[in-house]
Every structure is written in structure tokens, then in C-alpha cells.
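Reviewing the structure listed below.
Scope of the values below: all heavy atoms of this structure, side chains included, with no hydrogens, waters or symmetry mates. This one's a predicted model, so the numbers in the text were calculated from it and none came from an experiment.
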2 protein chains.
Amino acid sequence: MSIEERKEREKLEMRQLIIKTAMKLFAAEGIENVSIRKIAEKIEYSPGALYSYFKDKGEIIHAIHEEGFEKLYALQRTLDGVENPKEKLFKMGRLYMKFAMENKDYYDLMFIAKGVGERICEKQEWDSGQRSYDYLRNTVKDCIEAGYLKESDIDAAAFAIWGFVHGMAALIIRGRCAMMPEEMINNVVEGSLKFIYSNINIEQRN
Amino acid sequence: MSIEERKEREKLEMRQLIIKTAMKLFAAEGIENVSIRKIAEKIEYSPGALYSYFKDKGEIIHAIHEEGFEKLYALQRTLDGVENPKEKLFKMGRLYMKFAMENKDYYDLMFIAKGVGERICEKQEWDSGQRSYDYLRNTVKDCIEAGYLKESDIDAAAFAIWGFVHGMAALIIRGRCAMMPEEMINNVVEGSLKFIYSNINIEQRN
DNA sequence: TCATAAATTAAACATTGTTTAAAAATTATA
DNA sequence: TATAATTTTTAAACAATGTTTAATTTATGA
């Protein structure tokens, strides 16, 4: 079946080309300024051709969205070797913010943009996100078990911490930080991370 | 100049009618499903007529956005009488989440939607938001001064706390909570609020 | 080589926000 | 009151969007 295999391969390559081109355009011109027609023009195909490879625009966006989760999870795994769970949690927060600030378009797609969340809920395609969430959740669990956090509902604690970092990222990315000068943002974020870190109870340990 | 006054009044009434109609449609059909044409049809005018009262669609959205801030600030002022700043801060968090959950469309417009943030930064129209932020900031300041929070950069602390609640709200509103069942969300949010509350240092006082 | 299947295209459709030139309504002037 | 000037409103058009369809080209199988 060499021929069918080749076709399959070509189909995958084409999908990859579309995704890659879309990502480039997203980064260059901003997500909302990229149309199907622009992607088609870039790869020198007609707009309609893309619909042989993706059901609709949402499916293209979703594919990119998945690549973003790969990136994020890879970053998280960087912390595998960190023994102290509280240190791990703090580093994860800083790493998360770094990812968000350096990949605003991806982050937007992954966690803010409309028309992506719905798809996540319908299908079981939250898997890639679940992996990252579980990584956070386990670290939070370790923190509680090690006495760094007061005994709490693990999910509530994990959601709180995720909310904290996501909130900052989302406010910045969607331009809701008019109360502080642009050039101060990074400092304030670092300060906020430290604020949470130093205000969390650690009296039990050492 | 009774005649000019009347014209001014009528212009204002028309603006109000447009805003009110747009709000109703937003609530009924969702923000992204409301077009200029739909609003125009509802008030029995032609689409083009709206452009005599608003520069563009963004200006309509921004007007609604301001009404949302009025609502939120009014809610915050409900806490004027709360003496203990930490209690005030906690109640403000719960109240903020309640507002977000019960006015998802407004909240989206105010703090998440694209095409609104830019307008905020350009003009000095962040005022209505600044008022709410200052209210939070002052409470945080009181908490620090009263020893409920470790001495920290006030803005970093305020941003952290705002980020925390906004993050939860934004994740829920934009459908990024697939890791928990729909009916659990309210419980988890309450749990997260309590988690932050009980894990913040208060050893200094009492 | 010819028939069948698949991929690609051009064109059209239904939307969208917005602009423009004409028509209608209103106000000012004589 | 009649006419001129202004302002509002409208219908129509424009450009751009995502998507569908029918036809055409291309590739495959017999």
C-alpha cells in the first residue's frame, strides 16, 4: 500500500504546512488579522482547498492550540528535578508567566480566545491541557502533604494558583493594565509572584 | 436655546436607546452574535443611522463597558462599612466573583474582550476602572498597614489579588475549566477563595 | 487508453462593519 | 407662509470575512 501511505503522508504534510503558515502569520500580524484567504495565499492555494484538510477555521486554530500545550508541558517538565515542592510551585509560576509573556499569541489561543473553549468542552481534546493541569495539581498536592500549605481541597488550591497566574497573564495580554506604566509590568508581575510566595504559610516546616 | 437643548436631549436619548437595546441583545444572544444590523432592526432604524450617534461599533461596546464599571463600583461601595480590612478584602473577592458569574457578558466586555482594551489605553477612559482598582488597592494597603499581610509592594500585592479573582473568572467564562464538572465550579471557586484567605499570614495580629 | 476517484479551483452565498450619495425631515430665514 | 439651509435617515454599495458548491483539473485503477 505504498501509494495510500504516500497520500496519507502528503495529507499530513499539507496539514503541517497550513498550521506552520498560520502560526507564522499569527505571530506576524496578530491572530484576528489572519484570514483563511491570507493563509491560502501564502501557501499558494485557493481558499477552498484548506477545507479538504480542516473542517473549519476553528480546527486550524485548535491544532495550533495543541502545539502550544506541547510547548508549555515541555517547559513544566524542566522542573522534574526540583525536590522541594514549594520551590517547584514558585518556579512553575514564574515559568508560566514567562511562557505567557513570550508567547502572547499562543497563550491567547490556549487560554483566552473565544471559539476554542467550546471545542475543548465538547470533545475529549482537553487531554493536552489536562496533562499540564495535573502537573500543577500534583505539585500542589505535594506542597500540602509536606506541610507547606494548610490542608485544603487540592482542586480548590490548584485552581486558585492557576487563576492567580492566568489572571495576571490575561489582564496584561488583553490590555487591562492601564493602572500601571507599560515598562513596570514585568517588575510588578515578579513582585506579585514574590508576594504570594512570601505570604503563604510555611511556618510548619523548618 | 430651547431648541438646541431639545436636540441635545434627543441625541442623548437615542444613544441611550441604542445602548439599552444592544445590552438586551447581548444578554439574550451573546455578544458575538449581535451585529449593528440587528441592533438597528430592533430599534427600527437603518444600520447607517447608528453612525450618527456612535463613531463605530467599538464605541457602543465601550459605552456598555462603562455601565458595567458603574455596577461593579456600586457593589464595592457596599463594603464601605466593613472595619476589618482582611475581612473586607475577602468579602470583596467573593463579591467580585459573584458579579463576574452573574454578569458574564458584562464581565467579558469589561475585562476580557478584545477591541476594548486598546481603547482604554489610548484615551484616559480607564477612569471608571481606576476607581474600582483604587478601592481594592486601598483595602490591600490597609491590610498591610494593619499587619495582615507581610510588608510588600502595594501594587504588586493588589495586582496579585486582582489577578487571582480575575483569573478564575476568565477561565470559567471562556470555558477553560474542562478539568472539573460544570456543577462543581461554584464550590471550587468558594474553596479557592477560602484557600487564599486561610493560607495568608495573619499570625502578627491576635 | 479510458473510467473512476480525488484534489483544486473559481465563483457564489451569506454575513459582517462601514461609507457614500441621495432622499427626507427639520430648522432657519425672508 | 414659502423658500433656503441643515441635519437625519436611508438605500445602496464596498470591502472583507468564513464557508459551500459545481465544475475542472489532476491523479489513480483497470
Atom [atom1] of [X] to atom [atom2] of [N]: distance rounded to whole Å?
X     : N      : atom1 : atom2 : result
A:I36 : C:dA10 : CD1   : P     : 17 Å
A:M14 : D:dT26 : CE    : C1'   : 14 Å
A:K57 : D:dT19 : NZ    : C1'   : 12 Å
B:K38 : C:dA14 : NZ    : P     : 16 Å
A:E10 : C:dA6  : CD    : C1'   : 12 Å
B:Y51 : D:dA13 : OH    : C1'   : 14 Å
A:E41 : D:dT17 : CD    : C1'   : 15 Å
A:N33 : C:dG17 : CG    : P     : 16 Å

* Does some side-chain heavy atom of A:R131 sit less than 4.5 Å from a side-chain heavy atom of A:E70? -> yes

* B:L72 vs B:Y135 side-chain heavy atoms within contact, under 4.5 Å ->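 A side-chain contact under 4.5 Å is absent here.
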
* Would you say a side-chain N or O of B:K11 is under 4.0 Å from OP1 or OP2 of D:dT8? -> yes

* Does the side chain of A:D134 pick up a donor-acceptor pair with the side chain of A:Q130 at under 3.5 Å? ->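 Distance-only check passes for A:D134 and A:Q130.
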
* Does any donor atom in the side chain of B:N84 or B:Y148 lie under 3.5 Å from an acceptor atom in the other side chain? ->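 A donor-acceptor contact under 3.5 Å links the two side chains.
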
Could you write out each protein N or O paired with an N or O of nucleotides 10-12 of chain D at a distance under 3.5 Å?
residue, atom, partner, partner atom, Å
D:dT10, OP2, B:S46, N, 2.8
D:dT10, OP2, B:S46, OG, 3.2

* Asked: Do B:N199 side-chain atoms and A:K150 backbone N/O form a donor-acceptor pair below 3.5 Å?
  -> yes

* Between B:Y133 and B:F159, is the ring centre distance below 6.0 Å? ->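 Here the rings of B:F159 and B:Y133 have centres that are no less than 6.0 Å from each other.
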
* To do: Side chain of B:Y53 only, please: which of C:dT8, D:dT19, D:dT9 is the nearest?
  => D:dT9

